[in-house]
Number of protein chains: 2
Amino acid sequence: MAERGRPRAFDRSEALHRAMRVFWTCGYEGTSVSELAQAMGINKPSLYAAFGCKEALFREAIELYEQEEGAPVGEALDQGRTARSAIETALRVNARSFTNPDNPRGCMVVVSALAGAPENNPVCSFLADNRRESEENFRRRVLRGIEEGDVPRGADAARVAAFYATVMNGLAIQARDGATMERLERLIDSAMAAWEAVAS
Amino acid sequence: MAERGRPRAFDRSEALHRAMRVFWTCGYEGTSVSELAQAMGINKPSLYAAFGCKEALFREAIELYEQEEGAPVGEALDQGRTARSAIETALRVNARSFTNPDNPRGCMVVVSALAGAPENNPVCSFLADNRRESEENFRRRVLRGIEEGDVPRGADAARVAAFYATVMNGLAIQARDGATMERLERLIDSAMAAWEAVAS
DNA sequence: CCATTTATATACCGATCGGTATGAAATGCG
DNA sequence: CGCATTTCATACCGATCGGTATATAAATGG
């Protein structure tokens, strides 16, 4: 079952984790392949052999980010008793991630490639798709709330989802700008106070 | 009064406008000095003679952006009859700018350098300061509303300002991701529905 | 043991990066 | 006019960009 040639001398998953943190900190264009290789503890040919190219490595890093930082958000959405509490908890879980002192600040999907050179447009579009998907998850949760009766029948699920997705992206920027967890908590308090007005 | 040496053959203000649009579209790191010079219709030595260096040109471009796109927002804040209507109008003026088909999409202060290489940290900090200043303008307007009696005495001006600044930054990202003016208008409807809950 | 396969480290590729030296061209001043 | 001053266009700078050729090292299959 063992592989055929010389075994890889580094832990691919560990290297990917390190790459994720560099991209998260400096953004896609602000990170060079040489920096990546150094942070990953490997040489460039090993990086290219294991991950393909800079863009492919970045996409894998985003997927890892989604798994590690995004999964608790998805769980919060699923497990909340009502759409309202599910979305509120999702926001609070995100806020905790955005300000975790062990992490770079803010949301990697928001901060790492909002604009870029034309040749990097695929990267920007990839992240935009990712953000739309998060909003879609909010929308599905509101629809479920309508089905389960905790959200009024006439509520506009897309509108609710768009509002809280907008707040979430705004929180990511606040976090990048140095906002504390407490500050984000108060912002979420404000956003949740709008629930009846938005979801009715 | 005329200048001494050979007169400049290009319009400095027009060149700066063109540079602003490129930075706005591709971001600070996504824009090269060669691209800038080409878009400005000048050669690189002329660019350096007139604007100093890439970072100084970017800072001037941001200042121009503040004057052209930010001034109407400031006017809206000043001229609104109440803090609530002033902030609502400010958001709507911003939304119009973010989706103006003649402009790159979104807010230049948000999209052009959220993350970057360590050597470009001054640029990111400069934009973060700028965003904080916008929030501070909101806060001052709420304080005025308290003085003038259209906002309850007990309202937390900083909290109100932080909430609407967060929404505004979220709107900038929505716009980058392709949101229409109508969609942003509906998001602002939602945010303003929260007013009583946030400012009380 | 030998052949094959894969990963390693070094050194390199052309292209582009931000920035500049250089000399000709165009003005005001005397 | 001649001279100082400033801008112009071209061509260039060392450094770094994303990516790779090459040769060696380390494993498995036979």
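Proteins come first, then strands; the chains are lettered A, B, ... in the order of their sequence lines, and each starts at number 1.
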Which nucleotide wins on minimum distance to the side chain of B:Val33, given the candidates D:dA26, C:dA21, C:dG18?
C:dG18

Mind checking if B:Ala9 touches a base, just sugar-phosphate, or nothing, with heavy atoms under 4.0 Å?
sugar-phosphate

Would you confirm whether B:Arg12, through its side chain, and B:Ala50, through its main-chain N or O, come within 3.5 Å as a donor-acceptor pair?
yes

Using the ring of B:Tyr28 (Phe, Tyr or Trp, six-membered ring only), decide whether B:Lys54 places NZ or CZ under 6.0 Å from its centre and within 45 degrees of its axis.
yes

Report the distance from atom CG of B:Leu36 to atom P of C:dG18, rounded to the nearest whole Å.
8 Å

When rounded to whole Å, the CZ to P distance for the pair A:Phe10 and C:dT6 reads 15 Å

A:Glu119 CD - D:dG19 P separation (whole Å):
11 Å

Gap between atoms CG and C1', on B:Leu47 and D:dA9 respectively (whole Å)
14 Å

Among D:dA26, C:dA26, C:dT20, the nucleotide that comes nearest once only the side chain of B:Tyr48 is considered
C:dT20

If the cut-off is 4.0 Å, is A:Ser32 near the phosphate of D:dC17, judged by side-chain N/O to OP1 or OP2?
yes

Just the rounded figure in Å: distance from P of C:dG18 to CE of B:Met40.
13 Å

If I take atom CD in residue B:Gln38 and atom P in nucleotide D:dT10, what distance separates them, rounded to the nearest angstrom?
13 Å

How many whole angstroms separate atom CG of A:Leu57 from atom P of D:dG19?
10 Å

Is any side-chain nitrogen or oxygen of A:Ser46 closer than 4.0 Å to OP1 or OP2 of C:dA7?
no

In terms of hydrophobic clustering (I, L, V, M, F, W, Y; side-chain heavy atoms under 4.5 Å; direct or indirect links), are B:Val123 and B:Phe51 co-clustered?
yes

By nearest-heavy-atom nucleotide on DNA chain C, the more 5' of B:Lys54 and B:Gly5 is B:Lys54

Under 3.5 Å: donor-acceptor pair, side chain of B:Arg131, backbone of A:Gln174
no

Distance check needed: C:dA15 P versus B:Glu35 CD, whole Å only.
17 Å

Hey, is the side chain of A:Arg4 poking within less than 4.0 Å of OP1 or OP2 on C:dT6, counting only N and O atoms?
no

Ignoring hydrogens and angles, are the base of C:dG19 and the side chain of B:Lys44 linked by a donor-acceptor pair under 3.5 Å?
yes

Any donor-acceptor pair under 3.5 Å between the side chain of A:Arg8 and the base of C:dA7?
no

Can you tell me if A:Asn43 touches the phosphate of C:dA9, counting only side-chain N or O atoms and a distance under 4.0 Å to OP1 or OP2?
yes

Ranking D:dT6, C:dA7, D:dG18 by distance to the side chain of B:Arg6, first place goes to D:dT6

Using the closest heavy atom to pick a nucleotide of DNA chain D for each, name whichever of B:Ile42 or A:Tyr28 lands nearer the 5' end.
B:Ile42

Within 45 degrees of the ring normal and closer than 6.0 Å to the centroid, is that where the cationic atom of B:Arg159 sits relative to B:Phe163?
no

